[in-house]
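The figures here come from the full heavy-atom set of this structure, side chains too, leaving out hydrogens, waters and symmetry mates. The model shown is predicted, which means the values in this text are computed figures rather than measured ones. Order of the sequence lines sets the chain letters (A, B, ...), proteins ahead of strands, with each chain counted from 1.
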Number of protein chains: 2
Amino acid sequence: MTVTLADVAARARVSPATVSRVLNGNYPVAASTRERVLRAVDDLDYVLNGPASSLAAATSDLVGILVNDIADPFFGIMAGAAQTQIGGPGDGSGRAGGEKLAVICNTGGSPERELTYLTLLQRQRAAAVVLTGGAIEDPDHQAAMAAKLAKLADAGTRIVFCGRPPLPEGDALVAALAFDNRGGGRRLTEHLISLGHRRIGYVAGPPERTTTRHRLEGHREALRDAGLDGEGGDGERLTVHGPYDRRSGYEATLDILRREPGITAVVAANDTVALGACAAVRDQGLRIPQDISVAGFDDLPFSVDAVPALTTVRLPLFEAGARAGRLAMGKENPPPGGIATIAAELMIRGSTAPPRVG
Amino acid sequence: MTVTLADVAARARVSPATVSRVLNGNYPVAASTRERVLRAVDDLDYVLNGPASSLAAATSDLVGILVNDIADPFFGIMAGAAQTQIGGPGDGSGRAGGEKLAVICNTGGSPERELTYLTLLQRQRAAAVVLTGGAIEDPDHQAAMAAKLAKLADAGTRIVFCGRPPLPEGDALVAALAFDNRGGGRRLTEHLISLGHRRIGYVAGPPERTTTRHRLEGHREALRDAGLDGEGGDGERLTVHGPYDRRSGYEATLDILRREPGITAVVAANDTVALGACAAVRDQGLRIPQDISVAGFDDLPFSVDAVPALTTVRLPLFEAGARAGRLAMGKENPPPGGIATIAAELMIRGSTAPPRVG
DNA sequence: CTGTTAGCGCGTTCAC
DNA sequence: GTGAACGCGCTAACAG
């Protein structure tokens, strides 16, 4: 029924071992026999049996890319970029040679699913795993992750973090690409302060994520440095946490406006949240940026098309994803110390302006 | 070094077969021995060897989800939804029982990569494959795809189309969930015509995709029915093709405005393109919708936040993706005839209005 | 309900 | 440069 390596060998009048050598291209084979074998492969429409080959070789060609929410372009862009470096362009024949199979796994932000996917990848003896986006800071989960990753690394799986800080235990088993979320958050709020804003609302992400914490810390640092967030300062009072989605931005902004109608700016944890914040501001009959400035984070493609265009912090998502892909393939050397911090660039656009006087 | 099933068997003082039965949960096993085995599994931190198990069972737990562009939420939403039905919620232990490994493969819209991924999935003996989004209409490629899919189906891989019309050959091997792109496109343009628009620009997608063709056909039907697109009518003249991205929307709209400054509306192939169109309209000093109405397609999450909110055609992407996932798992019966058409709903919002008189 | 016996299809030593 | 033989770790009959 299904054609095996032995069938190909028979047709090419060589031994199975020779066919294997041709297919894997690692051993010297005479050009003429190679020709014969390849012809037999094509004639028979032979496709390697992945499981069998993985079993014998004790490694597979699977590379897993874990994301929190694939419906969010933040992750889509990184994951897509990583795949471009891993999948290989194909040889145009659709025949598939030594390519890796780069696959994206959507955890939905759930710690359990994150671990489950890691186990599934471990089960498949994945060649590499790329973990993207913020990590969850629950100590139990972090310990479980560290243990699981150690086991994976131990089994020869390469581990790469992308847009994620390295584990506290900081095993040298991984290469980490971390975004400068703190610095970006800080510069963004500094920008607002320099514009003259003094009461600034902050719509943060879920409290247990590193991304949320770092961006918020940057914000608070900027406030503190400007003397706007001392004891009982506004920093805490004007901060509301919620998921990284539009609805959260909308509701949190209404909430903040209710608490403190005097704010002149709202900073959102990311661009999607910022869109919701914009909608809330408008629904209150306020104008952006004349009455209230709004800012986001990430600089997703749609942000420049918001009206007015969104002031935000640009993260080089595609470049980071691609680099993570190369690291996973071993095509690029890990950064010194295993960790590289990726700069975040402030993008000043129309959604922020000086506050109205009076 | 790595612990195997036999190690677990030894520790639990049972035969390897029994361990296998417990793990796969398909055979009756006494509760007490099951307990013992599970304890041994936990003690030893045992993880099943996927390749070995796939080899022996001649099937794997891999399910592939092919998308054209994972950075586009259109695909992200469908793929994420499909994964929710496939991956299983995990048992909370991170231990991974009989779950499938749902993986997303990003073809980048390239026919070669599409075939390559299919081959890779075939090599892994995937349990199912879900193909999302519009198909490429090149006859050679379609034939190659049909052949490849037939082979996959033949090997026991379940095939599901999601948001994609069934193959011309229409083998009964697949279940297809097709969007009513033609009907949606038609109703959208009918809406504009009923508002009073007579000169309508159309920014289409890449010409070789089914999605592009069907949406455009709906548009042209509406024009024809209104007597606006006879011989040498505007339909053709005011249509420009381009990729499904923002930039294409921007440039094509400028192009159309140059050709025919008298248009009063622009219909875009999808929401992302529509955003670009909006930007172009504004950059020409025109207002939306007073001077020019703009409409999109898909109703992606950001569309309601455009200013003014985008009139578009809503596709139930999440529901369709989830259903495709269930079909791939065999959790749901295929629709009668193997194909179901999914309705598209017109969403009238602020970006369309009657044209200015005079 | 449980143990025993064979392979699944391929990579990899070894010889030649 | 090529062939022969073995075993990777597991599942699927078949007994009992």
Student: Nearest to the side chain of B:T18 - C:dC1, D:dT2, C:dT2?
Tutor: C:dT2
Student: Classify B:A17 by what it touches in the nucleic acid, base, sugar-phosphate, or nothing, heavy-atom distance under 4.0 Å.
Tutor: base
Student: Taking CG from A:D61 and P from C:dC10, how many angstroms apart are they, rounded to a whole number?
Tutor: 14 Å
Student: Please determine if A:E319 and A:R326 form a salt bridge, counting it only when a charged side-chain N lies under 4.0 Å from a carboxylate O.
Tutor: no
Student: Looking across every strand, which nucleic acid part, if any, lies under 4.0 Å from A:T33 by heavy atom: base, sugar-phosphate, or nothing?
Tutor: sugar-phosphate
Student: On DNA chain D, nearest-nucleotide positions of A:A31 versus B:A52: which is more 5'?
Tutor: A:A31
Student: Sub-3.5 Å donor-acceptor pair from the side chain of B:T210 to the main-chain atoms of B:G134, do we have one?
Tutor: no
Student: Within this structure, what is the CG-to-P distance between A:L5 and D:dA4, rounded to whole angstrom?
Tutor: 14 Å
Student: Would you kindly give the OH-to-C1' distance between B:Y27 and D:dC14, to the nearest whole Å?
Tutor: 10 Å
Student: Does a nitrogen or oxygen in the side chain of B:T4 sit under 4.0 Å from OP1 or OP2 of D:dC8?
Tutor: no
Student: With heavy atoms under 4.0 Å as the rule, sort A:V19 into base, sugar-phosphate or nothing.
Tutor: nothing
Student: Using whole Å, what does the distance between atom C1' of nucleotide D:dA13 and atom CG of B:N26 come to?
Tutor: 15 Å
Student: Using the side-chain hydrogen bond (donor to acceptor under 3.5 Å, both in side chains) definition, which of the options A:E112, A:R113, A:E114 pairs with A:S110?
Tutor: A:E112
Student: Return the value, rounded to whole Å, for the distance between atom CZ of A:R13 and atom C1' of D:dT2.
Tutor: 15 Å
Student: Closest nucleotide of DNA chain C for B:A56 versus for B:A30: which of these residues is on the 5' side?
Tutor: B:A30
Student: Does a side-chain N or O from B:S15 land closer than 4.0 Å to OP1 or OP2 of C:dT2, or not?
Tutor: no
Student: Under the side-chain contact (heavy atoms from CB on, under 4.5 Å) criterion, do A:L152 and A:L149 qualify, and how do the steps go?
Tutor: CA-CA 5 Å; A:L152 274 163; A:L149 289 174; 4.2 Å; yes
Student: For the side chain of A:S60 and the backbone of A:Q124, is there at least one donor-acceptor N/O pair under 3.5 Å apart?
Tutor: yes
Student: Could you check whether B:S53 gets within reach of a base, just the sugar-phosphate, or nothing at all, counting any heavy atom under 4.0 Å?
Tutor: sugar-phosphate
Student: Rounded to whole Å, please give me the gap between CZ in B:R21 and P in C:dG3.
Tutor: 8 Å
Student: What integer distance in Å separates A:R36:CZ from D:dG1:P?
Tutor: 15 Å
Student: Would you say B:N49 reaches D:dC8's phosphate, i.e. side-chain N/O to OP1/OP2 under 4.0 Å?
Tutor: no
Student: Using whole Å, what does the distance between atom P of nucleotide C:dG11 and atom CG of B:L55 come to?
Tutor: 12 Å
